[in-house]
Novice: 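Please read through the structure below; I'll follow up with questions.
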There are 2 protein chains.
Amino acid sequence: MAEVATRETALKEAEAVCTRRGAVLTPLRRQVLELVLRAEAPVGAYALLDQLKAMRPGAAPPTVYRALDFLLEQGLIHKVERLNAYIGCNESGHGHSHDHHHPHQFLICRTCGATMEIADPAVTHAIEAAARRVGFVLAEATVEIEGTCARCAEA
Amino acid sequence: MAEVATRETALKEAEAVCTRRGAVLTPLRRQVLELVLRAEAPVGAYALLDQLKAMRPGAAPPTVYRALDFLLEQGLIHKVERLNAYIGCNESGHGHSHDHHHPHQFLICRTCGATMEIADPAVTHAIEAAARRVGFVLAEATVEIEGTCARCAEA
DNA sequence: GACCGGGTCGGAACATTATATCATCAGGTC
DNA sequence: GACCTGATGATATAATGTTCCGACCCGGTC
Ligand SMILES: [Zn+2]
Ligand SMILES: [Zn+2]
Ligand SMILES: [Zn+2]
Ligand SMILES: [Zn+2]
């Protein structure tokens, strides 16, 4: 599978990103990141916990949430608010080398659940302009577009 | 207070919108809508429930959620996903006369909690274009911009 | 009047998502 | 060794949201 190689690369990069910043990608955090990357769609915290328990019998909600918080902080994953679920950051395509929090948008398919991350400059720019127009100092924007993905639409 | 008049007007309009569609704004639904409109910031379902209990001792979670579902369906309120909270639709400013689901964006102040609804055509258009570019059929877009509102920023 | 249907609400239980708190342990510093 | 910091173990609890069943009302329809 090509995905396995991609995942391995992503994990290696994550390791590098963390050490470059003085953060530590501990075995636990790495395990959680791998589970998120392995999933085909955004995963919920308790789904991760169930999988984690197989490897770490003592795992509990805080175990997962602490790891997720770290990974979010490092920009290695994102949270999809509409789904209360987490997804690996896809930094390829847009050239952000794992900025802590880079502008991004999600396209969520209601049929198959596939969620694609994009970073459309026009969307980002329009949002910045809208905020500026009313004197609002933008910190972070959540953009989650729901509908039907191309594959599901043509069927 | 000017807000009271605004709220009364909004309630009257809500009533009219519902009857025009064959839906019924029952006393319960109207009460919940009034509580949402009365709040200064987005309100959580359980905060509404607490207030509702004062008037309706038997109120339980489904009581509130059913009313909220109805109001969302009618486009009278919106849900703010980042806050798991609900806010009245501000249809003034943009000329949607309570479309069931109209494109909109939120500006959420992290300092004071104030949340402003806007409907910026450039943002809406950029999102539509981004979706179309990848063959995605858009149904609904959540745009929630967090930061500091103008009042809090100047202080 | 009897019957049926949809829509609304009361009420109990449950499911899902997230956090608070305290204890423990390992590594580095003085 | 005494001390601090960051990470994890472990238990409990909070916050948010849903399922399910039964009652009730109200408008047809026979
Ligand atoms: Zn990303
Ligand atoms: Zn799809
Ligand atoms: Zn609105
Ligand atoms: Zn503010």
Side-chain angles (χ1 to χ4, degrees), chain A residues 14-15 18-19 21-36 39 41-74 76-87 113 142 144, chain B residues 14-15 18-19 21-36 39 41-74 76-87 113 142 144:
Chain A
E15 197 98 49
C18 286
T19 46
R21 286 183 193 142
V24 190
L25 188 65
T26 61
L28 171 60
R29 290 162 176 174
R30 193 192 155 97
Q31 249 172 5
V32 173
L33 177 55
E34 186 164 2
L35 290 174
V36 173
V43 232
Y46 280 76
L48 292 169
L49 178 55
D50 286 344
Q51 297 179 252
L52 198 59
K53 273 183 188 159
M55 300 177 280
R56 263 168 208 265
T63 312
V64 166
Y65 279 103
R66 283 191 291 233
L68 289 174
D69 284 347
F70 173 85
L71 297 170
L72 287 168
E73 187 61 36
Q74 299 301 320
L76 298 171
I77 66 173
H78 300 297
K79 178 171 183 181
V80 185
E81 298 286 341
R82 304 233 14 163
L83 307 177
N84 293 318
Y86 304 85
I87 188 173
T142 300
E144 301 181 357
Chain B
E15 197 99 48
C18 286
T19 46
R21 287 182 191 142
V24 190
L25 189 65
T26 62
L28 171 59
R29 291 163 176 173
R30 191 192 154 96
Q31 248 171 8
V32 172
L33 176 56
E34 186 163 2
L35 289 175
V36 172
V43 230
Y46 280 74
L48 291 169
L49 178 54
D50 285 344
Q51 297 179 253
L52 198 59
K53 273 182 187 159
M55 299 175 282
R56 264 169 207 265
T63 312
V64 166
Y65 280 104
R66 281 190 294 235
L68 289 173
D69 285 347
F70 173 86
L71 297 170
L72 287 167
E73 188 60 36
Q74 298 302 320
L76 297 171
I77 65 173
H78 300 297
K79 177 170 185 182
V80 185
E81 298 286 341
R82 306 247 353 180
L83 306 177
N84 293 320
Y86 305 83
I87 188 173
T142 301
E144 299 179 356

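Being a predicted model, the structure only gives us computed values, none of them experimental. Numbers restart at 1 for each chain; the letters A, B, ... are given by sequence-line order, proteins then strands. Just the heavy atoms: all of them, side chains too, but no hydrogens, waters or symmetry mates, feed the values below.
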Novice: Mind listing the closest non-hydrogen atom pair of A:A59 and A:K53 along with its distance?
Specialist: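 Looking at all heavy atoms of both residues, the shortest contact is O-CE, 3.7 Å.
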Novice: Measure from CZ on B:R30 to P on C:dT8 and round the result to the nearest Å.
Specialist: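 Result: 17 Å.
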Novice: Within the distance-only criterion (no hydrogens, no angle test), does the side chain of B:Q31 pair as donor or acceptor with the backbone N or O of B:L52 below 3.5 angstrom?
Specialist: no
Novice: Output a table of donor-acceptor pairs, distance under 3.5 Å, between side-chain atoms of residues 61-70 of chain B and any protein atom two or more places apart or on a different chain; print 'none' if there are none.
Specialist:
unit_1, atom_1, unit_2, atom_2, d
B:T63, OG1, B:A60, N, 3.0
B:T63, OG1, B:A60, O, 3.1

Novice: Hey, are the side chains of A:P42 and A:R82 touching, using non-hydrogen atoms and a 4.5 Å cut-off?
Specialist: no
Novice: Can you tell me the base-pairing partner of D:dT19? Count Watson-Crick or G-U wobble geometry only, both distances below 3.5 Å, and say none if there is no partner.
Specialist: C:dA12
Novice: Rounded to the nearest Å, what distance is computed from the CE atom of residue A:M55 to the C1' atom of nucleotide D:dT8?
Specialist: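 For the pair A:M55 CE and D:dT8 C1', the rounded distance is 16 Å.
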Novice: Give me the one residue out of A:L76, A:L49, A:V43, A:L71 that meets side-chain contact (heavy atoms from CB on, under 4.5 Å) with A:V32.
Specialist: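 Going through the options one by one, the only one that passes is A:L71.
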Novice: Whom does D:dT13 pair with, Watson-Crick or G-U wobble, provided both distances fall under 3.5 Å?
Specialist: C:dA18
Novice: For nucleotides 10-26 of chain C, read 5' to 3', which letter fits each nucleotide if B means a protein heavy atom sits under 4.0 Å from the base, S means only the sugar-phosphate is that close, and - means neither?
Specialist: BBB----BBBB------
Novice: Among pairs that include at least one residue of residues 24-34 of chain A, which meet salt bridge (charged side-chain N to carboxylate O under 4.0 Å, His left out), considering only residues two or more places apart or in two chains?
Specialist: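 Only A:E15-A:R30, A:E34-A:R38 qualify under salt bridge (charged side-chain N to carboxylate O under 4.0 Å, His left out).
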Novice: Using whole Å, what does the distance between atom P of nucleotide D:dA10 and atom CG of A:L49 come to?
Specialist: 13 Å
Novice: Tell me the interatomic distance from B:E73, atom CD, to C:dG7, atom P, rounded to whole angstroms.
Specialist: 13 Å
Novice: Tell me the interatomic distance from A:K53, atom NZ, to D:dG9, atom P, rounded to whole angstroms.
Specialist: 14 Å
